[in-house]
Amino acid sequence: MNLITADYIYTPEGFAENRTVAYSGKIEAIDTLQALTEKYPDADIHYAGKNSVLYPGFINTHVHLEFSANSTTLKYGTFMSWLDSVVENRNDLIHMCDNALMLNKIEEMLHSGITTFGAISSFGAELEACMKAPQRVVFFNELIGSNAAYVDALYNDFLERVKASQACTPEDRITPAIAIHSPYSVHPVILQRAVQVAKQNNLPLSAHFLESQDEREWLEDGNGGFKAFFEKYFNTSTPLTTIDEFMHAFDTYPAHFTHCVQANEEELAYLASKGHSIAHCPRSNRLLGCGRLAIEQLRTLQMPFTVATDGLSSNWSLNIFDELRAALMMHHAEPLNQLSQLLIQSVTSDAAKILGINTGSIEAGRESDFAVITLPDAPSSLEDIALQTILHTQKASEVYIGGEKVR
Ligand code: MCF
Ligand code: FE
C-alpha cells in the first residue's frame, strides 16, 4: 500500500485540505494521514510538497498523433485553406512521423499530467507507439471515405484496424474505439455499419461534426468552400447527407462529437437529448477560423464536454494546460472561477465518464492515475485553486498511472 499526501486534493466534493490517499493499483481510501497510517502501518508514505495539489490524471479525449511532424507546414486562418494544405502535405507529414516522434509527443502529454488520451487514427500507424505509451489510450480507428466505388474496401480496411486494436493485451492499456471522420467525408452506408459495430461491441464512438461554416453550408445546400473542394478532388458536387440525417445515425448510441462550433441551439439540444457529448478544441477552432463553441449553451443544456488538444495538425502543443488556458481566455464572458472548475471537471471526471474508463476522480475503487501540480505560492482560498492551477501550471510535478510513478 502507498500513501500520498498533498496540501490539497481534488475530490468529487471539491478541493480538500489535510487529506491523504491510500492506493495500490486502485484507490483504497481517502482520509487523514493519521487514520490511514493506523489502518495501513506498513504503507510507503510520500508527501507531495508545499502548495501541491493532487488531481486525478488528466484526460485528453481527442488527438491526431499521425500529424505530429507538422509545426509550420499547414496553413492556418480558414478551414478550407487548412484542408487544401492537408491534402497537399499529408503524405510528406505522415512520412516524417515515425514512432520516435509520436512517443516524444506522447511524453509531452505525460509531462502536462495527461494519463489517458483518445488517439484518432486514420491508418493504424499509431498503434505501436500507443501500445508503448505509459498512458491508457482509447484508440479511435477512423472511418473515412465517401466515394461509393471504394467504400467497401475502405470499410474492410477499417474493420481490420478495429480488430488489431481489439487484439491488444491488458498490459497495453488500449481501449478499442471507433471514429467517424465527418458528415462530409463518410458515406452514409458505411457510417451506419460502423455505428452498429460500435454499439454491438460497446466501443467508444466519436465524430468530427459541424466544425466550420463551410461544412454547414455544404451540408445545408451543397454550397460554399466544400463545393470547389469536392469538384476538384472527388469530381462530385452534391453532399451525401444532411445535418439531420447525420445526427439521426447516432440516435441509439451515445457519441463524442468533436468541435460542434457551428451547431445551432436546436441541434445542440437534440444532441444533448440523445446523451451525446462534445470534445471542445479551442485552439484548433481558432487556428482553423471555425469560431467559438457556445459553452454557455452546453451549460444550460447540462451537456457534458471535454477540452481536448486536437492534433499538431491544428495546434502548437499537446499540453493540456495550454489548452485550458486558451479555453479560459476564449470564453471571456463566463464567470472566471466557475469556468475554471468546469474546465478541470471537463478533463477529469466528465472525460472519464464519456470515454467509459474507471479514472478521472479521486475516490475509492478508481484506478490510481494521478497528476500532482505545484502552485508557486499558497492559494488564498479553496475556490481559487482550479483557476490558479490553470494559470500557473506548465508541467505536472509527479504523474502516476495504475499506481506506478511514471514521472
Ligand atoms: O480535428 C481537426 C480538424 N478537422 C478534421 N480533421 C482533422 C483534424 N486534425 C486532423 N484531422 C485529420 C482527420 O482525422 O485530417 C485528415 C483526417 O484523417 C484528413 S481530412 C481533414
Ligand atoms: Fe480532430
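Here the structure is a predicted model, which is why all the values come from computation and not from measurement. Each ligand, and each atom within it, is numbered from 1 in the order the structure gives.
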Polar-atom distance check: [X] versus ligand 1, any N or O pair below 3.5 Å?
X	result
Arg90	yes
Tyr184	no
Ser314	no
Glu211	yes

Among protein heavy atoms, which sits nearest to atom 11 (N) of ligand 1, and what does the distance come to when rounded to 0.1 Å? His64 CE1, 3.4 Å
Look at atom 1 (O) of ligand 1 and say which protein heavy atom is nearest, naming residue and atom and giving the distance to 0.1 Å.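 Ranked first by proximity to atom 1 (O) of ligand 1 is Asp310 OD2, 2.7 Å.
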Test: Asp31 and Arg19 ion pair at under 4.0 Å: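 Here Asp31 does not pair with Arg19 in a salt bridge, since their nearest N and O are not under 4.0 Å apart.
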What I want to find out is whether Glu296 reaches Arg299 closely enough, with some N-O distance under 4.0 Å, to be called a salt bridge. no
May I ask you to check whether His62 brings an N, O or S atom to under 2.8 Å from the Fe ion (ligand 2)? yes
How about Cys281: does one of its N, O or S atoms come closer than 2.8 Å to the Fe ion (ligand 2)?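 So Cys281 does not bind the Fe ion (ligand 2) by this criterion.
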The Fe ion (ligand 2) has as its nearest N, O or S atom from Asp310 the atom OD1
If I consider every N, O or S atom in His208, which one ends up closest to the Fe ion (ligand 2)? I only need its name. NE2
side-chain contact (heavy atoms from CB on, under 4.5 Å) between Phe246 and Leu219: does it pass, once the steps are laid out? CA-CA 10 Å; Phe246 188 76; Leu219 298 174; over 6 Å; no
Just jot down the ligand 1 atoms closer than 4.0 angstrom to any heavy atom of [X], in number order.
X	result
His181	5 (C), 6 (N), 13 (C), 14 (O), 17 (C), 20 (S), 21 (C)
Glu142	13 (C), 14 (O), 17 (C), 18 (O)
Leu83	21 (C)
Ser313	9 (N), 10 (C)

Structural part of Phe209 in contact with ligand 1, heavy atom criterion under 4.0 angstrom: neither
Any donor-acceptor pair under 3.5 Å linking the side-chain atoms of His248 with those of Tyr270? yes
Are Ser397 and Thr374 linked by a side-chain donor-acceptor pair shorter than 3.5 Å?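 Yes, a side-chain donor-acceptor pair sits under 3.5 Å.
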Just do the side chain to side chain donor-acceptor pair (under 3.5 Å) check on Ser349 and Ser361 with the steps written out, would you? CA-CA 5 Å; Ser349 54; Ser361 41; 5.9 Å; no
Test side-chain hydrogen bond (donor to acceptor under 3.5 Å, both in side chains) applied to Glu398 and His46, Lys405, Arg407, the passing residue: His46
Please check if the number of heavy atoms outside Gln166 that lie under 6.0 Å from its CD is greater than 12.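 Yes.
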Establish, yes or no, whether the cationic atom of Arg193 lies under 6.0 Å from the six-membered ring centre of Tyr155 and within 45° of the ring axis.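 So Arg193 does make the cation-pi contact.
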Are the side chain of Ser146 and the backbone of Val186 linked by a donor-acceptor contact shorter than 3.5 Å? no
